[in-house]
Amino acid sequence: MRLTRYFLPVLKETPAEAQIVSHRLMLRAGMIRQQAAGIYSWLPLGYKVLRRIEQIVHEEQMRTGHIPMLMPTIQPADLWRESGRYDAYGPEMLRIRDRHDRDMLFGPTNEEMITDIFRTHVNSYKDLPLTLYHIQWKFRDEVRPRFGVMRGREFLMKDGYNFDLTKEDALHAYNRHLVSYLRTYERMGLQAIPMRADSGPIGGDDTHEFLVLADTGESEVFYDSAVTDIRLGERQIDYDSVDQCRAVMEEFTALYARTDETHDQQAFDKIPEDRRRSARGIEVGQIFYFGTKYSDPMGATVQGPNGKPVPVHMGSHGIGVSRLLGAIIEASHDDNGIIWPEGVTPFHCGIVNLKQGDAEADTACEQIYAALVAKGLEPLYDDRDERAGGKFATMDLIGLPWRITVGPRGLKNGVVELTSRRTGESEELAPELAVNRIAEIYQAP
Ligand code: 5CA
């Protein structure tokens, strides 16, 4: 993409309404535009990152054997009357009436609808286990939408639902989700710690939230600092293996880590004092096992091995896809702007032409651009006729992890400059080598 042909409405001023850094940077970098409290347009740069995050979520879900589908945003109230949640959900649910006076709602989540689909189409235990998921917009009429996409009213969520014959099978689905979520967040350059939590309006006894530690987080959390040393890393996990998934789950949840709703001061006090931490965190996901809470009242049964109908055991599992943009920026920025982890960056590399209009510099930039594209990468070429300082400021603000700077002086010596956004370190090298270096970085596993 050439910047002169792109739509990148960066702001010079710091928007006064934004209280936290991720919100400020998303506005300044021209990623989002608020249309009403907690409701945003995704401008091209923001949309690009949103899609990258969505793609990672899809890839990791499918690797786990979960099946993608898509349910509508608008749901009939009657389904929610069956589960008893239509009245229970309260004012956070946006209730709508259509022209025929039928009660509808903008879905805040999809347990009822997926249970309806299941009971209609699945009859036998032989069709289990089954996990279906979708990535769809949700609406929750939050009392205090704030912090940009972090607590929106309309937000994008991946929600998945498992159907199993027994509690043991459903707990395997729970553990499997925990492992695949860890992998998903790590690919985005994030450490998200599973913490024992409260199940709220979704229900059930077993639930973990995934928290990214950040001073601006809305959740208060308590943990043993040793949990921050655990990583999934390059481990290969067989998602069908009950033992492997359970082992990872146990490893990641053995140490004390809880949100304030489930905090137990006595247990906390048993942790060695120098490892006790209370901090703030951003909830980027939550997994639930709730057994037959929905399948019972909604009649979602399968014929069991003995021919008798049994209600299925279920769980639901959510990732805050749009919230993740805010969480990643909170975890990765500096005074000059965003620093995208390679896994989610909107463009792989920036190209800055120090002297637009100089024949040699222009040609070198075009060649580098073409070479990066030929390697399957997406560069953003700042081809504006502007001062170098302004170009650097824009690149730093929008946070591309790598920048190639091209100018007449370097070209005389056959070199361009390759700069890391994260460390600020630069290296001079031949244009072809710079291109190869970028390609290697993105091909690494
Ligand atoms: N049905 C279950 C799991 S699929 C569910 O709705 N879980 S949830 O309520 O925990 O939401 C899942 C994730 O969505 C949360 O962990 C959070 O990351 C994100 N989320 C929830 N509310 C908002 C909001 N108002 N704005 C942005 N993201 C949100």
Side-chain angles (χ1 to χ4, degrees), residues 20 22-23 26 32 34 36-40 42 50 53-54 57 61 66 69 71 73 75 80 83 85 89-94 106-115 131-163 173-174 177-178 180-181 184-185 188 190 192-204 206-212 214 217-219 221 259 261 281-290 293-294 314-330:
I20 61 170
S22 57
H23 188 194
M26 286 183 79
I32 50 170
Q34 181 173 305
I39 300 178
Y40 291 88
W42 293 80
L50 189 68
I53 291 175
E54 225 183 307
V57 172
Q61 284 302 301
H66 303 161
M69 61 178 294
M71 289 176 271
T73 53
Q75 308 184 20
W80 288 66
S83 71
R85 279 209 297 183
Y89 213 95
E92 271 196 16
M93 180 187 279
L94 181 64
F106 196 123
T109 175
N110 284 67
E111 280 80 4
E112 284 77 359
M113 187 168 279
I114 197 79
T115 307
T131 297
L132 299 166
Y133 78 93
H134 71 163
I135 299 181
Q136 177 62 293
W137 294 94
K138 305 289 186 288
F139 195 94
R140 293 182 185 173
D141 207 348
E142 303 274 352
V143 202
R144 278 219 291 162
R146 56 180 185 158
F147 300 161
V149 299
M150 208 76 103
R151 182 162 296 279
R153 291 198 296 167
E154 190 187 55
F155 59 97
L156 192 60
M157 190 203 289
K158 170 263 162 184
D159 41 327
Y161 305 86
N162 68 284
F163 299 91
Y174 186 88
H177 275 90
L178 185 136
S180 76
Y181 278 22
T184 304
Y185 299 124
M188 299 174 190
L190 279 180
I193 305 168
M195 299 199 180
R196 276 260 291 273
D198 181 64
S199 66
I202 308 292
D206 290 297
T207 184
H208 281 87
E209 286 180 5
F210 290 78
L211 284 120
V212 173
E218 290 189 287
S219 312
V221 297
T259 63
E261 299 133 344
I282 302 166
E283 179 206 326
V284 291
Q286 187 164 7
I287 53 177
F288 303 81
Y289 163 72
F290 43 68
K293 173 175 167 162
Y294 299 90
M314 292 174 60
S316 71
H317 315 276
I319 293 182
V321 174
S322 49
R323 176 179 287 182
L324 272 166
L325 275 91
I328 292 169
I329 297 173
E330 288 294 325

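Everything numeric in this text was worked out from a predicted model, so none of it was measured. First listed ligand is number 1; within each ligand, the first listed atom is number 1.
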Please confirm whether the backbone N or O of Phe210 pairs with a side-chain atom of Tyr185, one donor and one acceptor, at under 3.5 Å?
no

Could I get the full list of salt bridge (Lys or Arg N to Asp or Glu O under 4.0 Å) partners for Glu330, not counting sequence neighbours?
none

Is it true that a side-chain atom of Glu112 and a backbone atom of Tyr294 form a donor plus acceptor pair closer than 3.5 Å?
no

Counting only heavy atoms and a distance below 4.0 Å, can you name the residues contacting ligand 1?
Thr109, Glu111, Arg140, Glu142, Val149, Met150, Arg151, Gly152, Phe155, Met157, Asp159, Ile202, Glu283, Val284, Gly285, Gln286, Phe288, Ser316, His317, Gly318, Gly320, Arg323

Just checking, is any N or O donor in the side chain of Glu209 or Thr207 under 3.5 Å from an acceptor N or O on the other one?
no

So, do Tyr89 and Trp80 have ring centers that fall under 6.0 Å from each other?
yes

Any Lys/Arg nitrogen of Lys293 or Glu111 sitting under 4.0 Å from an Asp/Glu carboxylate oxygen of the other?
no

